[in-house]
Each structure stands twice: as structure tokens, then as C-alpha cells.
> 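What follows is a structure written as C-alpha cells; I'll ask about it next.
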There are 2 protein chains.
Amino acid sequence: MSPQAVKARKGEETRAQILDAAVQQASEAGFESLTIGTLAGRTGLSKSGLFAHFGSRTELQVAALDEAARRFTEAVFLPAFKAPRGVKRLRALFGNWITWPEHAHLRGGCPIHAASAEYDDQPGPMRDAVVERQRLVARELGKAVRMAMDNGELRADADPRQFVFEMLGLILAFYHAKRVLGDEGATGLAFSGFDRLVDAHRAPAAKTATRTAAARR
Amino acid sequence: MSPQAVKARKGEETRAQILDAAVQQASEAGFESLTIGTLAGRTGLSKSGLFAHFGSRTELQVAALDEAARRFTEAVFLPAFKAPRGVKRLRALFGNWITWPEHAHLRGGCPIHAASAEYDDQPGPMRDAVVERQRLVARELGKAVRMAMDNGELRADADPRQFVFEMLGLILAFYHAKRVLGDEGATGLAFSGFDRLVDAHRAPAAKTATRTAAARR
DNA sequence: ACAGAAAACGAACGGTCGTTCTATTATTTC
DNA sequence: GAAATAATAGAACGACCGTTCGTTTTCTGT
């Protein structure tokens, strides 16, 4: 019937709908707020009908986190790989990162950030999944920084971990300023910080080639 | 009887004990984990006995947040006021800030940080209390930055909001690196970032009058 | 079209939740 | 030390929690 013939079984389709609602909910109120009952009501399923898709509530939470991480990669990292290696790509990552929640229509902010705060001290499958994801992200970000060093755009003796640390700090500060303090100027503050961060790690370069610095807007 | 004669009524004493347990618990598992039952068990009280100290669960949560904020001020800001105005005081604030949870024996990390993530998108008394607190802290931090500018230690044309934004970012990055990634070098990374932040905003000592930026390093 | 499989439902379970009420202790006040 | 008051306990409530189980509906492959 359908042209592509790749017809997902019905179950997978509703499972996707459930996870969509779950990610939305987790974004707004955290992964601990994911209960079988409310999620069933939100998707129009019965409690037991929804439950059957996941063996337990915890598995549902982990599945929702996986789905959120998948979307994060799709919205932040994949598009950035189209930018050329180096500072350009780092800037693309930074920009995508601070805008992806609204781009993904997640009113409640970055769900991965929420999960980090929720499970940073509670052992279990959720914490394990969160830590693994964050480690992976930090590693990938480190690679992108190293590329900029190999490029010659950043100093060869720079510390990638320091760069990653501060870049993540700017992102966290952005979320905080925007969502908690309601600061509308957060985007500008974030990019100013990023520019200064790049500048501090930039290779001397004899001020010729790429000398963009603060002039951006 | 007692020399000071300031004898607290019994109720206030147990109320303090309850809040102590509550702050501890909130540090480990968030303010949403504060339930009447578990907290009653933890303090050896009956559910109704504990409940009587607060009119509702929400009031208990708010009281716990207030207590956490009180301890934060006591551990971070008050000691820093003993340092001389300027960069020294800013550094004291920074150092106190990243160590206060363990100094206050809060294994689960900064409870205010936890509350920010929990309620950043959930309207209600808790969110209001969190936002008010964070605004206050940002304002106080801004004052400390301005003092360093008046001092001449930081450039007169520096943007205090930018400094505060990035300093908070470093603190958030520290918590994240330490608690989520388990990075033992987080303290060093944090202080390196702070040094660079101060450096970027430092007044050009002697040298020429006012050099705008970039060429340092 | 029909059989077999997959998906969803509905009712029920034991627990815990916040909250209310009444009764019983402890503590303060005179 | 007695009277007044504050502090705590105990039992019960309705609501929701995650989960199980048997049934019924819907889909899928032939």
C-alpha cells in the first residue's frame, strides 16, 4: 500500500507517541514526574495498555532519556558537522546547543540537563544512563576542540578539557539565566562569553588569517 | 534558669531538626522527594506530628528551601565579607561557593542548584521562592563585581552582568563536572577559569591608559 | 476470509501519598 | 503543683502509585 513499504508495526508507532509525550513531560517537570497514569491519560491509552510497552516504569524513564538524547544529537551535533572543522564548528555547536530546546518544541528546557540534576546523586539505571550520555557528549566536544587546535585556530598548547569545561559552563549559565532569572539578554551574554573563550585560546596567528574576534553581532 | 534565658520552645527545636533532615534529603534527591512519611520516619516523629509543624507539604518544602538559603548565605557570603573588597573578595566568594555543599555536610550537592533545576518550569510557591533567591544572589554578586571596578582592579568599562554570568557558569560547570562526570580535576579547572575571567576584565595595570582588550596574553 | 499474533483494555492488588480529626501526652505558666 | 497550652500520636479518608492478570479488540500474514 504505502510506497515505501517500510511499515512499522502498530505497536512501535504508539510507542513513539508515548515517548514523544514523555520527553515533553520530562522537559517540563523532570523524569521523576513520568508516571504511568498521567502519561496514559495524556496519550489516550489505558494504564495497562501503556505499561505493556515497557516492562516497568524505570524502563520507560530510560527510554524517554534515550529518545531525548537522540533528539539532542540530531539537533545539536549532526547539523554542526556540516560546518567546517575548527572554531566555526565549535560556534555552531554552541549556537545549536543553547537553542535546541525551543527548536525541538520543548517548552520546559533541555531534558538532559534536567536529568543530570535529578539523578546526580541517586544510584540506579537512570543515573548510569545520564552519566554515560554526558561523558560521551564531553568526549565528542573535546574532539571538536582538538580539531580546532590541529587547525591552528586554537593554540597548540591549549587544554581541551579546560575549553570544554568553560564552554559547558557558558551553556549552563545560559539555561540558568534564561529559565530561572528570566534574563532576555542571556543569548548575548552567552555569545560574548564564547567569543572571549575562543579568543583566550586562539593561536597568535600573526593577526592575519582568521581574525574575527569580537566584531560579530 | 539558663544563663541566657533565651530558651526556645520545644516545638521550634524539633522543627529545626525536621528542617535539618529535610535539607539533607533535598540535597540528595531534590525537594520533590520531601514527603511527610519518609521525613517522619527519618526524624522519629509520627506523620501527623510532623505535619503539624507546617500547614502543608508545600510549606514544608518552602521552609526547607529557606533553611538551605540561610546556610548558603552563612557559608558563602558572610565569610567572604571578611576579605577586602575587590578581586580578593570575588575569589573568596568563588571558592566558598564551590566548596560549601561538602563544608555543610550536604553529600548530595547544592540544594539551591537542585531546586533551580526542579522548579524552573513549574509555577507555584517553590518556583517563586527559587527565583527570588537567585535574583538576590545575582544582585549581591553584581555588587561585589562593581566594588572591584570601583577599586580599579577591574576595568571601569567592564560589564558586571557579563562577569556574573560567566562566574555563575564556572560554578555550574564545576558542580556538573564533579557530580555528574566525576571529574576530580574540576577544582583546578574551575579556578583556572576564574583566573582567566578576572584577567580578561582586569584593568591594564600601569601601561597605557585604557586598552580595550584583545592583545593581552 | 480466517487463523494466529499483537495490542489495548478493565478491574483489582497492596502501598504510599497528603491531609483531617480526635485523643493523649509533654511542656510551659502561674 | 494545678491549670492552661503546646506538642505529638494514632487511626482513618480518598486519591494515586506501579504492577498483575484475564479478557477483548485490533491488526497482520496468508
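Given the structure is predicted, the values throughout are model-derived calculations rather than measurements. Order of the sequence lines fixes the chain letters, A, B, ..., with proteins taken first and strands second; residue numbering starts at 1 for each chain.
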> Look at atom CZ of B/R57 and say whether more than 12 heavy atoms of other residues, nucleotides or ligands are closer to it than 6.0 Å.
yes
> Using atom CZ of B/F54 as one end and atom C1' of D/dT8 as the other, report the distance to the nearest whole Å.
14 Å
> Salt bridge between A/E28 and A/R107, side-chain N to carboxylate O under 4.0 Å?
yes
> Using a cut-off of 6.0 Å, state whether more than 12 heavy atoms not belonging to B/R127 lie near its atom CZ.
yes
> Please name all residues satisfying side chain to side chain donor-acceptor pair (under 3.5 Å) with A/R179, sequence neighbours left out, ordered by chain then number.
B/D120, B/D121
> Can a salt bridge be assigned to the pair B/R70 and B/E67 using a cut-off of 4.0 Å between side-chain N and carboxylate O?
yes
> Nearest whole Å is fine: how far is D/dA7 C1' from B/Q17 CD?
13 Å
> Counting only heavy atoms and a strict 4.0 angstrom limit, can you tell me which residues of residues 18-26 of chain B come near DNA chain C?
none
> Starting at CZ of B/R9 and ending at C1' of C/dT27, how long is that distance when rounded to a whole Å?
9 Å
> With the threshold set at 4.0 Å, does a side-chain nitrogen-carboxylate oxygen contact exist between A/D199 and A/R202?
yes
> Mind checking if A/A52 touches a base, just sugar-phosphate, or nothing, with heavy atoms under 4.0 Å?
nothing
> Reading nucleotides 15-26 of chain D from the 5' end, what letters show protein touch, with B for base, S for backbone sugar-phosphate only, - for no heavy atom under 4.0 Å?
--SBBBB-----
> Between B/H53 and D/dT8, does any side-chain N or O lie under 4.0 Å from OP1 or OP2?
yes
> For B/R91, is there an ion pair with B/D195 - N to carboxylate O distance below 4.0 angstrom?
yes
> Please give the angle, rounded to 10 degrees, between the axes at the start and the end of the helix from C/dA1-D/dT30 to C/dC30-D/dG1, where five pairs define each axis.
30°
> Can you tell me which residue pairs pass the ring-ring contact (aromatic ring centres under 6.0 Å, His included) test with a partner in residues 117-136 of chain A, sequence neighbours excluded?
none
> For B/L45, answer base if it contacts any base atom (sugar-phosphate contacts may also be present), sugar-phosphate if it contacts only those atoms, and nothing otherwise; contact means non-hydrogen atoms under 4.0 Å.
sugar-phosphate
> Rounded to whole angstroms, how far apart are CD on B/E12 and C1' on D/dT8?
16 Å
> Aromatic ring centroids of A/F94 and A/F191 under 6.0 Å?
yes
> Please enumerate all residues that pass ring pair (Phe, Tyr, Trp, His ring centres under 6.0 Å) together with B/F54, with sequence neighbours excluded.
none
> Check B/E140 with B/K143, please: is the shortest side-chain N to carboxylate O separation under 4.0 Å?
yes
